[in-house]
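The first residue in the sequence is number 1, and the count goes up from there. Predicted model, so just to flag it, every value in this text is computed and none were measured.
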Amino acid sequence: MPTHAERRVLPYTPEQMFRLVADVQHYPDFLPWCVGARIRQRSQTLIVADLMIGFRMVRERFTSRVTLDAPHRIEASYLEGPFRYLHSRWLFEPHPDGCVIDFHVDFEFKSRLLQGLIATLFGEAVHRMVAAFETRAAYLYGPPNGRASATASAAAAARPA
């Protein structure tokens, strides 16, 4: 039953952060332990995706239903895989310095072995995951001073779809 909630201000717009989090197919490019992603279904308000997570000798695939409410909210609920349940939520609120992100995740593995393994690593894993999104935002949208660099913009534009 690991649960984590984090709220912080980032120097990007809610629209930018929403696009970044909704870009599920590129999670393997920057998210720790995400080694694969496949979109099964996509619309303006819904994504059904398979994610492959890997850590040391463990690899697991799970499917989530991701509900998109642009640019305010993204919620993911578990459909199939190694969890008893998994729910995550991202909220994006305008702020004078950019955007307040409010992230919450709650899950439990079916396997006691996996649950015990993640219990020892959970806090560090979630902090690294949120930091990876922040680093990706800087890469895509420019440094935290809010001015997008030509290099980051060109790299984002050149990225395969």
*Asks:* Looking at residues at least two apart in the chain, or sitting in another chain, which of them share a salt bridge (Lys or Arg N to Asp or Glu O under 4.0 Å) with Arg7?
*Replies:* Glu93, Asp102
*Asks:* Would a hydrophobic clustering, with Ile, Leu, Val, Met, Phe, Trp and Tyr connected at side-chain separations under 4.5 Å, put Ile53 with Val126?
*Replies:*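 In one cluster with Ile53: Val126, yes.
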*Asks:* Rounded to the nearest 0.5 Å, what separation is found between the OG atom of Ser64 and the CG atom of Leu79?
*Replies:* 6.5 Å
*Asks:* Got a sec, which residues hit salt bridge (Lys or Arg N to Asp or Glu O under 4.0 Å) with Glu15, two or more places apart in sequence or on another chain?
*Replies:* none
*Asks:* How would you list, by chain and number, every residue that makes a side chain to side chain contact (heavy atoms under 4.5 Å, CB included) with Gln41, sequence neighbours excluded?
*Replies:* Leu46, Val48
*Asks:* Report the distance from atom CZ of Arg42 to atom CD of Gln44, rounding to the nearest 0.5 Å.
*Replies:*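 Here the rounded value is 8.5 Å.
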*Asks:* Between Tyr27 and Phe133, is any pair of side-chain heavy atoms under 4.5 Å apart?
*Replies:* yes
*Asks:* List in chain and number order the residues that pass side chain to side chain donor-acceptor pair (under 3.5 Å) with Arg59, two or more places apart in sequence or in another chain; answer none if no residue qualifies.
*Replies:*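 Per chain and number, Arg59 pairs via side chain to side chain donor-acceptor pair (under 3.5 Å) with no residue.
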*Asks:* Under the rule for side chain to side chain contact (heavy atoms under 4.5 Å, CB included), what residues qualify as partners of Glu134, not counting sequence neighbours?
*Replies:* Arg8, Leu10
*Asks:* Please list, chain by chain and in numerical order, all residues satisfying salt bridge (Lys or Arg N to Asp or Glu O under 4.0 Å) with Glu75, sequence neighbours excluded.
*Replies:*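 With sequence neighbours excluded, Glu75 shows a salt bridge (Lys or Arg N to Asp or Glu O under 4.0 Å) to Arg73, given in chain and number order.
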*Asks:* With clusters built from Ile, Leu, Val, Met, Phe, Trp and Tyr whose side-chain heavy atoms come within less than 4.5 Å, directly or transitively, what are the remaining members of the cluster of Leu91, listed by chain and number?
*Replies:* none
*Asks:* Decide if atom CZ of Arg89 counts as having more than 12 heavy atoms of other residues, nucleotides or ligands within a radius under 6.0 Å.
*Replies:* yes
*Asks:* Do Leu20 and Phe30 touch side chain to side chain, with heavy atoms closer than 4.5 Å?
*Replies:*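 Yes; the side chains approach each other to less than 4.5 Å.
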*Asks:* Provide the full list of salt bridge (charged side-chain N to carboxylate O under 4.0 Å, His left out) pairs with a residue in residues 76-87, sequence neighbours left out, each pair given once.
*Replies:* Arg40-Glu80, Arg61-Glu80, Arg84-Glu108
*Asks:* Check for me, please, whether Phe107 and Val130 land in the same ILVMFWY cluster - side-chain distances under 4.5 Å, paths through other members count.
*Replies:*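 Per the 4.5 Å side-chain linkage, Phe107 and Val130 are co-clustered.
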*Asks:* Find out whether Leu31 and His26 are in side-chain contact, i.e. whether some heavy atom of one side chain is under 4.5 Å from a heavy atom of the other.
*Replies:*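 They are not in side-chain contact.
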*Asks:* Mind checking side chain to side chain contact (heavy atoms under 4.5 Å, CB included) for Thr45 and listing every partner two or more places apart, or none if nothing turns up?
*Replies:*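 By the side chain to side chain contact (heavy atoms under 4.5 Å, CB included) rule, Thr45 matches Ser43.
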*Asks:* State yes or no: do Ile39 and Ile74 share one hydrophobic cluster built from I, L, V, M, F, W and Y residues joined by side-chain heavy-atom distances below 4.5 Å, directly or via other members?
*Replies:*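 Yes, Ile39 connects to Ile74 through the hydrophobic network.
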*Asks:* Taking all heavy atoms of His104 and all of Ala5, pick out the closest pair and write down the distance.
*Replies:* CD2-CB, 4.0 Å
*Asks:* Quick one: list whatever passes ring-ring contact (aromatic ring centres under 6.0 Å, His included) with His127, sequence neighbours left out.
*Replies:* His4
*Asks:* Do Val105 and Leu68 land in one hydrophobic cluster if side-chain heavy atoms of ILVMFWY residues count as linked below 4.5 Å?
*Replies:*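 Yes.
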*Asks:* In chain order, what residues pass the ring-ring contact (aromatic ring centres under 6.0 Å, His included) check against Phe62, with sequence neighbours excluded?
*Replies:* Phe83
*Asks:* Taking all non-hydrogen atoms of both residues into account, name the closest pair between Ala132 and Pro32 and its distance.
*Replies:*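 Nearest heavy atoms, Ala132 then Pro32: CB-CD, 3.6 Å.
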*Asks:* Phe103: what forms a ring-ring contact (aromatic ring centres under 6.0 Å, His included) with it, not counting sequence neighbours?
*Replies:*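 Partners of Phe103 under the ring-ring contact (aromatic ring centres under 6.0 Å, His included) test: Trp90.
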*Asks:* Test your reading of the model: is there a side-chain donor-acceptor pair from Tyr12 to the backbone of Tyr141, 3.5 Å cut-off?
*Replies:* no
*Asks:* Might you point out which heavy atoms bring Ala22 and Ile47 nearest each other, and give the distance in Å?
*Replies:* O-CD1, 3.5 Å
*Asks:* Between Phe92 and Phe18, how do the two ring planes meet: parallel, tilted or perpendicular, split at 30° and 60°?
*Replies:*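 It falls in the perpendicular class, over 60°.
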*Asks:* What distance separates Trp33 CH2 from Arg128 CZ, expressed to the nearest 0.5 Å?
*Replies:* 4.0 Å
*Asks:* What's the shortest heavy-atom distance between Ala37 and Leu51, and which atoms?
*Replies:* CB-CD2, 3.6 Å
